[in-house]
Amino acid sequence: MSDLGEQLREAFASRADTTAVEYRTNLSSPVTVAAPPKSWKPIIAVAAVTVAIMVAGLALLSRSTADEQVPATVPPPSTSDGISDPEMINVGAGWEVPVVGEPVTVNGVTVYQGAPAPELEVDPETVVGDAADLALEPIEPGDFPVPDELVGDVDVLVTVGRIGSVAMAVHASDSSGAVCVLRVLIDDPAGLWVSGCSSSSTYGSGVAGTALSWPTLPSETALVVEEDADGTPQRYQLPIANAVVFTPADEGTVLVAYDAAGGVLDRTVRPVDSSDLAAGGLAESAALNWVNMTGLNQNDAEVWADRLDDICTIPVNDTERIRELADEYVSADLTLIRAGSTFEPSADDGVRALELIIQSVCSSKPGGR
Amino acid sequence: VSYSYESSKVERGTSVNDDFERLYRNELAGLVRLAHLLTGSNVAADDIAHEAFLKVRDRWSSLENPGGYLRVVTVNLSQNWSRSDGRRTARERRFAARNVTSADGVDGHDELLALVDHLPFRQRAVLVARYWLDLPESEISELVGCRPGTVKSLASRALSTLRKELS
């Protein structure tokens, strides 16, 4: 056993020794902590934007409804632990997004934290079987790196979360009312990608991916599951700020929205336009994924053509082989890190990038998986 | 004292109430400790463990291994708690970290525990299952709800992160 393993044993035992245990005489006493504040009545209607190709896909939902109670301008009630329930904010052009807490100003932009979906009353595995979730961790508004390119053009951002080194946000600007997905490298805000805008945006270093909308996603959605063409659940994600971020998948993939009790609310086909991949070239698509996810500026098409020959023979669940390749590629590309960048790519970033490439690029490669 | 997997297997008697009471007395402490390690909050752990017992009681007649079900429910509730509100969770962890500092500081484990608390939930759960519950990979995969191969991957990522942070 490793030293670290031994340290963990001792640390866990140490904490467990401090655990206070209180036996209750009446087990039907109310239990409160495990249930999150749920007084927010989903009032949103929905719109969604799913990004298909390169790095991230996103389904956004949000629409105003007149027949539901919308306390958009009413301060949210506080719960006993001081945390506010989600409130709806209008981010422009009638788009409403649930947020929590107080906004902060970063680089002149008002940044809110997106609120999580209603808590599931069922275990996700009862709905999606053996599926794995796509890790999306919350990001505090003050930690979101607002790129200089947005200053003066964007008034409001709503954070969705982070996947590894990439921060995600839903955005709306007053000028156009655009609701977009922003992807920003956390330690290198110059690495900005904009995608899935509901209308044209005027900034950013280019649109990455094809926006596909899912305008009827129900507001009660608590879980979104990605199914393959055979109807087999592949992955799931809990929406934040009415958004989920799925990496691209094969054509025929279906996103299924579930309510908190595990009932199917709606489903929609989320095709991936492989013609875009072909137009851009598989190697270029792979390179874009790699640069975006790792910050390593390896965009040599020949290098990626060679790498794809290896990558596209690996099943996406062969984590050990993927990690081996990620280690190899990260090491090989370390000299290509962006000048002035403080971002340090890790093998984990490489693994995520390769998983993405396998799922999004290899499916379009002749003989690929 | 680690939570005993074997102790979770309950001998059923003739009285449902007696059986449930026995399960409660035997397993509550272990479950609260498990939830405490998974959430970093003793307060949340206490309620999570009791909610798990309520769920077991509701499904008592259909459960073949109430102890095992209890543990899975506890992990799921702990995960829901961690997910339910990022801001609240962060606050709870900060609160827990302060408590841990005073309680665990003598043993010098506070830094490591604080790092574990900030790992993604499934990575944290795999470490707790492996190093505190002493479960084999196959049982960890059932507990955490992932494939056996994923257990190895999650543990590897978690240990890698901890080594990096500690170095």
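Chain identifiers are assigned alphabetically (A, B, ...) following the order of the sequence lines, protein sequences preceding nucleic acid strands; residue numbering begins at 1 within each chain.
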- request: Would you please name every residue forming a salt bridge (charged side-chain N to carboxylate O under 4.0 Å, His left out) with R130(B), sequence neighbours left out?
  value: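 Expected list: none.
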- request: Could you pull out all residues at least two apart from E324(A) that satisfy salt bridge (charged side-chain N to carboxylate O under 4.0 Å, His left out)?
  value: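 If we apply the salt bridge (charged side-chain N to carboxylate O under 4.0 Å, His left out) test to E324(A), skipping adjacent residues, the hits are R321(A).
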query: Between D17(A) and R33(B), is there a side-chain N and carboxylate O pair less than 4.0 Å apart?
result: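 Between R33(B) and D17(A) there is no salt bridge, as every charged N stays at least 4.0 Å from the carboxylate O atoms.
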query: Is D110(B) salt-bridged to R15(A), going by a charged N under 4.0 Å from an acidic O?
result: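 No, no charged N to carboxylate O under 4.0 Å.
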task: State the CD-CG distance between Q7(A) and L166(B), to the nearest 0.5 angstrom.
output: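 If we round to the nearest 0.5 Å, Q7(A):CD and L166(B):CG are 6.5 Å apart.
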query: When rounded to the nearest 0.5 angstrom, what distance separates OG in S156(B) from CD in E320(A)?
result: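 Between S156(B) OG and E320(A) CD, I get 8.5 Å after rounding to 0.5 Å.
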Quick one: are [X] and [Y] in side-chain contact, heavy atoms under 4.5 Å?
X: R9(A); Y: D134(B); answer: yes
X: V351(A); Y: R157(B); answer: yes
X: L8(A); Y: L162(B); answer: yes
X: R25(B); Y: Y23(A); answer: yes

For the student: nearest non-hydrogen atoms of A11(A) and L112(B), plus distance: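 Distance-wise, the nearest heavy atoms are CB-CD2, 4.0 Å.
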- request: For the pair Y24(B) and R24(A), evaluate side chain to side chain contact (heavy atoms under 4.5 Å, CB included) and give the outcome as yes or no after the intermediate values.
  value: CA-CA 10 Å; Y24(B) 180 71; R24(A) 298 178 184 177; 3.7 Å; yes
field: chain A contact via V128(B) - which portion, at a heavy-atom distance below 4.5 Å
entry: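 Answer is both: backbone and side chain atoms of V128(B) are under 4.5 Å from chain A.
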- request: Please step through salt bridge (Lys or Arg N to Asp or Glu O under 4.0 Å) for the pair D3(A) and R163(B), ending with a clear verdict.
  value: CA-CA 10 Å; D3(A) 289 341; R163(B) 286 195 182 95; over 6 Å; no
- request: Scan N42(B), L34(B), D46(B) and name whichever one has a side-chain contact (heavy atoms from CB on, under 4.5 Å) with T19(A).
  value: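 For T19(A), the side-chain contact (heavy atoms from CB on, under 4.5 Å) check succeeds only for N42(B).
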